[in-house]
Amino acid sequence: MEIKFQNTLTRKKELFKPLSPPKVTMYACGVTAYDESHLGHARAAVVFDVLFRFLRYVGFEVVYVRNYTDIDDKIIKRAHEVGVSPKELAERYIKSYDEDMRALKVLKPTYEPRATEHIPQIIALIERLIEKGFAYVVDGDVYFSVEKFPEYGKLSGRNLEELKAGARIAVSDKKRHPLDFALWKVEKPGEPSWESPWGRGRPGWHIECSAMAMHYLGETIDIHGGGLDLIFPHHENEIAQSEAATGKPFVRYWLHNGMVTVGREKMSKSLGNFVTIKQMLSRHHPEALRLFLLSMHYRSPLDYTEKVVGDHEKALEGFYETLFLIEKLEATEEKAPEGQKKNLAKIQELVENFENNFLSALADDLNTAKAIAALFTLEKGLNNLLKLCARKASRDHVILAQKGKSLAVKLAGELLGILEESPESFIENKRAKGLSNRALNRDEVEKLIKEREEARKAKDFEKADAIRDDLAKKGIILRDTPWGTFWKVEYEPSS
RNA sequence: GGCGGCGUAGCCAAGCGGUUAAGGCGACGGUCUGCAAAAUCGUUAUUCCGGGGUUCGAAUCCCCGCGCCGCCUCCA
C-alpha cells in the first residue's frame with residue numbers, strides 16, 4: 001500500500017519511504033508537565049497514536065518516542081507558586097497525563113523519556129555543538145548561534161532578516177543574535193541544576209528533544225510530529241541543533257496537527273478557554289472523544305462545541321446498537337430467500353470493500369475523517385442487512401453480518417481505538433451512567449418495561465402507551481425490535 | 001508588517017484537474033410499527049466566499065478582492 005504524508009518541511013504530500021524498512025522511527029513532542037492537559041493535548045496524542053497504530057498495522061516495526069518535558073521555566077514558576085519542588089510538580093502532572101492517556105486509550109509509546117533523565121546525552125550534544133563552532137558559552141549559559149546555520153528557517157519558511165524585524169523576544173546582551181537560543185541555562189538560586197562543563201545549570205527547552213530523539217532513534221529519524229504551534233521556534237531549533245551537530249538530515253517527514261479551537265480561537269491556557277481531558281471524560285465516553293478528535297483531518301483546526309461532541313457520542317451509540325443486534329442474530333433458516341439475493345450481494349460487496357476503503361483513507365495522509373465515513377457506510381449496510389433479517393434470519397444473513405461486524409470491530413479497534421468494548425457492556429454501562437445521572441432505579445424501569453410488554457401482548461395499548469410516555473418523561477427511550485424491547489437513557493447534553 | 005492555512009447544504013465535514021459534489025447531525029415525505037421509537041428509502045448544494053484567468057474540462061491550478069484563523073513570545 002502506498003502511504004502518503006503531507007510534509008511540513010517540503011509543503012508537499014510525499015510518498016512515505018522509511019529510511020530502513022521495515023523499521024520506522026517516530027518522535028512526537030509530548031507535554032510540559034506543569035498543569036492538567038486539555039483537549040488540545042488530547043488531539044495531538046490521539047492523532048499520533050493513530051499514526052503509530054496504522055504504521056504498525058501495515059507491518060512496520062515502529063519505534064515511537066514521546067517525551068515529557070519535566071524541567072523548564074513554567075514548571076519552576078508553578079512549583080514555586082504551589083509550594084512544591086519542580087520535580088514533585090512534574091511528577092504529579094506526568095502521572096495525571098498518563099491517566100488521561102490510559103483513559104483515552106492512547107497506546108504507550110515505545111519510550112517515554114524525560115529530559116531530566118537524559119542530562120548526559122544533552123550535555124554531550126551541546127559539547128559537540130560547541131566543538132563544531134555552532135554554540136558559544138557566556139557566563140555559564142550556552143547559546144546556539146543561528147547565524148552559523150545557514151538553513152535556519154527552512155521548516156517555518158522564514159529567514160533571519162524577517163525574524164529579526166518581527167522579533168518580540170527580549171533583547172539580551174549575552175546573545176550575539178537576538179534569535180540565538182539557550183541550550184544550557186546557568187543555575188539560579190532555588191532552581192534545580194546539574195553539573196556540566198560550563199558549571200551548574202539546566203538544559204534549555206529545545207535541546208532535550210534533539211538529544212532524546214537521537215539517543216533512542218538515531219541521527220536521522222523518519223517521522224517527527226507535534227502541534228502546528230511548535231513549528232516555530234521549537235522544531236526549527238531542533239533541526240538547527242541536530243543537523244549542525246551531525247551534518248545529517250534530522251527528520252525525513254515532519255507532521256503537524258492543527259489546533260483545537262473554541263469559537264474559532266485556539267484553545268490555550270493563556271486564553272483560559274480550555275477544557276481539560278478529565279472534564280471531557282467526565283461527560284463523554286472516551287471513544288466518543290476519540291471519534292470527535294478524529295472526525296476532522298488532523299491538519300485542520302478542530303472547533304470544539306459540546307453539540308458536535310454530542311453528535312459523535314450519538315453516532316458511537318448507534319454503532320454499538322447495530323453490533324449489539326448482530327450479536328443477537330440467530331439463523332432459523334438455511335438459505336436466504338431468493339428475492340433477497342440482489343440485496344445481499346450488494347451488502348456483501350460493501351463488506352468486502354470496507355477494509356480497502358478504510359485503510360486507503362488512512363494511507364492518504366491519515367485521513368481519519370474519510371476512514372470514519374467508510375465505517376458509517378459499513379454500518380448502514382449492516383443495518384440494511386438486519387432489516388432483511390427482521391423476520392427470518394438465514395445462515396447467509398448471519399454469516400455476512402458477523403463478517404461485517406468482525407471487520408468493523410477489528411479495524412476500528414486496532415486503528416482508531418474505538419468499538420473495543422463488547423456492545424452488551426457498552427450499552428449496559430451507558431444505561432447505568434444514564435440512570436444514575438437521572439437518579440432512576442433500574443429495577444423500577446425494568447419492571448415498567450415488563451408491564452408494558454405484558455400490556456402490549458394483551459393488546460392493552462392504552463396502558464402500554466401510558467407506561468411508555470411515563471418512561472419517556474424520565475428520559476427512558478423504548479424501541480420495540482423483533483428481538484424484544486430495547487431501552488436506553490436519552491442522551492443528555494451536559495451543560 | 002512577514003510567513004502559513006482556511007472559506008463546500010441549516011450545522012459539522014470529505015473532496016488534492018475528468019462518471020450522478022462522500023459521510024455525520026438536523027428537517028421533510030414514504031416503508032416498517034397497534035401507535036411510536038429505531039432502522040430503512042427518498043427529498044434537502046444545477047453548485048463549492050466574490051471576481052477574473054488557464055484548460056476540451058476546475059470546488060480542485062493561477063491572479064485580484066473579501067472574510068476568518070494560526071505562527072512570528074511559552075504553547076499540542
Side-chain angles (χ1 to χ4, degrees), chain A residues 4 6 8 11-13 28-32 34 37-48 69 72-74 77 153 156-159 161-170 179 205 225-234 236 256-261 263-271 291-292 295-297 299-303 305 307-312 314-315 318 321-322 325 357 361 364-365 367-377 379-380 382-384 386-388 390-391 456 459-462 464-465 468-469 472 477-482 485-488:
Chain A
K4 289 179 178 171
Q6 175 75 27
T8 308
R11 284 139 229 267
K12 284 193 194 106
K13 200 192 267 189
C29 289
V31 289
T32 298
Y34 78 106
S37 299
H38 59 62
L39 204 51
H41 302 107
R43 184 181 194 195
V46 168
V47 161
F48 293 109
T69 297
D72 116 302
D73 294 348
K74 277 184 299 202
K77 185 169 168 246
S156 52
R158 300 150 207 246
N159 59 54
E161 283 313 304
E162 279 164 24
L163 283 167
K164 209 169 172 176
R168 275 191 269 162
I169 34 182
L179 285 152
W205 175 39
L228 270 164
D229 55 352
L230 294 182
I231 293 173
F232 190 89
H234 185 54
E236 195 69 72
H256 289 98
N257 65 277
M259 299 295 102
V260 172
T261 59
R264 307 244 169 230
E265 263 189 343
K266 180 178 168 182
M267 177 178 284
S268 70
K269 285 274 156 60
S270 45
L271 281 169
L291 197 59
F292 164 67
S295 65
M296 184 87 166
H297 185 84
R299 287 193 160 259
S300 311
L302 172 65
D303 202 51
T305 60
K307 180 191 175 293
V308 173
V309 182
D311 286 349
H312 289 96
K314 279 191 248 176
E321 284 164 23
T322 299
L325 294 178
N357 289 156
D364 184 11
D365 198 25
N367 197 331
T368 49
K370 211 170 167 185
I372 289 167
L375 204 57
F376 281 119
T377 306
E379 184 197 353
K380 196 175 218 176
L382 293 175
N383 280 330
N384 264 313
L386 280 169
K387 202 181 167 178
L388 292 178
R391 293 234 157 66
R456 285 186 70 216
K459 306 250 183 236
D460 183 355
F461 296 120
E462 210 163 299
D465 291 352
R468 185 173 59 199
D469 290 348
I477 299 170
L478 301 187
R479 249 162 78 184
D480 297 324
T481 76
T485 297
F486 177 89
W487 65 274
K488 65 179 188 180

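Reminder, nothing fancy here: chain letters follow the sequence lines and each chain counts from 1. Excluded from the calculations below are hydrogen atoms, water molecules and symmetry mates; all remaining heavy atoms, backbone and side chain alike, are included.
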Test side chain to side chain contact (heavy atoms under 4.5 Å, CB included) applied to Leu228(A) and Lys266(A), step by step: CA-CA 11 Å; Leu228(A) 270 164; Lys266(A) 180 178 168 182; over 6 Å; no
Please lay out, stage by stage, how Asp73(A) and Lys77(A) fare under the test side chain to side chain contact (heavy atoms under 4.5 Å, CB included). CA-CA 6 Å; Asp73(A) 294 348; Lys77(A) 185 169 168 246; over 6 Å; no
Hey, mind stepping through Asp303(A) and Val308(A) against side chain to side chain contact (heavy atoms under 4.5 Å, CB included) and telling me if it holds? CA-CA 9 Å; Asp303(A) 202 51; Val308(A) 173; over 6 Å; no
Check against side chain to side chain contact (heavy atoms under 4.5 Å, CB included), Lys74(A) and Lys269(A): CA-CA 12 Å; Lys74(A) 277 184 299 202; Lys269(A) 285 274 156 60; over 6 Å; no
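Here the separation of A38(B) from G24(B), taken at their P atoms, is 15 Å to the nearest Å. The same atom, C1', is picked in A21(B) and in G29(B); the two are 24 Å apart, to the nearest Å. One P atom belongs to G2(B), the other to A9(B), and the distance between them is 31 Å to the nearest Å. For the C1' atoms, the distance from C48(B) to G17(B) is 15 Å, rounded to whole Å. Rounded to a whole angstrom, the distance from the P atom of U20(B) to that of A58(B) is 13 Å. Comparing G67(B) with C25(B), their P atoms are spaced 36 Å from each other, to the whole Å. Across the C1' atoms, U47(B) and G15(B) are found 14 Å apart, a figure rounded to whole Å. Atom name P, nucleotides A22(B) and U54(B): the rounded distance is 29 Å, in whole Å.
Spacing between atom CG of Asp465(A) and atom P of U33(B) amounts to 16 Å, rounded to whole angstrom units. Across the protein-nucleic acid pair, Leu291(A) atom CG and G24(B) atom C1' stand 9 Å apart, rounded to whole Å. For Lys77(A) and C74(B), the NZ to P distance is 14 Å, given to the nearest whole Å. As a whole-Å value, the separation of Leu271(A) CG from U73(B) P is 17 Å. What separates NE2 of His234(A) from C1' of C72(B) is a distance of 17 Å, to the nearest Å. C74(B) atom P lies 9 Å from atom CZ of Phe232(A), rounded to whole Å. Nucleotide U40(B) holds its P atom 10 Å from the CZ atom of Arg479(A), rounded to whole Å. A22(B) atom C1' lies 11 Å from atom NZ of Lys380(A), rounded to whole Å.
One N or O donor and one acceptor, one from the side chain of Arg456(A) and one from the base of G34(B), sit under 3.5 Å apart. Under 3.5 Å, the side chain of Arg468(A) and the base of A36(B) form at least one donor-acceptor pair of N or O atoms.
Contacts of Lys13(A) classified as side chain to side chain contact (heavy atoms under 4.5 Å, CB included), with partners at least two apart in sequence or in another chain: Lys4(A), Gln6(A), Asp364(A), Asp365(A).
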Heavy-atom contacts, protein to nucleotides 7-20 of chain B, under 4.0 Å, summarised as B (base), S (sugar-phosphate only) or - (none) per nt, yield -----SSSSB----
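For Glu321(A) and Arg479(A), the salt-bridge test passes: some basic side-chain N is under 4.0 Å from an acidic carboxylate O.
The phosphate of U40(B) (OP1 or OP2) has a side-chain N or O of Asn383(A) nearer than 4.0 angstrom. In this structure, Asn384(A) reaches the C41(B) phosphate: one of its side-chain N or O atoms is under 4.0 Å from OP1 or OP2.
Among the atoms of the strands shown, none is found under 4.0 Å from any heavy atom of Ile231(A). Within the 4.0 angstrom heavy-atom criterion, no nucleotide atom of any strand lies near Leu228(A). Within 4.0 Å (heavy atoms only), Val47(A) reaches no atom of the nucleic acid at all. If you check every strand for non-hydrogen atoms under 4.0 Å, Thr322(A) touches nothing. Across all strands shown, Gly40(A) has heavy atoms under 4.0 Å from base atoms, whether or not it also approaches the sugar-phosphate. Counting non-hydrogen atoms under 4.0 angstrom, Asp72(A) reaches nothing in the nucleic acid. If you check every strand for non-hydrogen atoms under 4.0 Å, Gly225(A) touches nothing. Here Phe376(A) lies in heavy-atom contact (under 4.0 Å) with sugar-phosphate atoms only. Across all strands, Lys266(A) comes closer than 4.0 Å to base atoms (heavy-atom distances).
Side-chain atoms of His41(A) come within 3.5 Å of backbone N or O of His38(A) as a donor-acceptor pair.
A side-chain contact (heavy atoms from CB on, under 4.5 Å) with Met267(A) holds for exactly one of Thr261(A), Leu302(A), Leu39(A); it is Leu39(A).
Between Arg158(A) atom CZ and Leu179(A) atom CG the span is 10.0 Å, to the nearest 0.5 Å.
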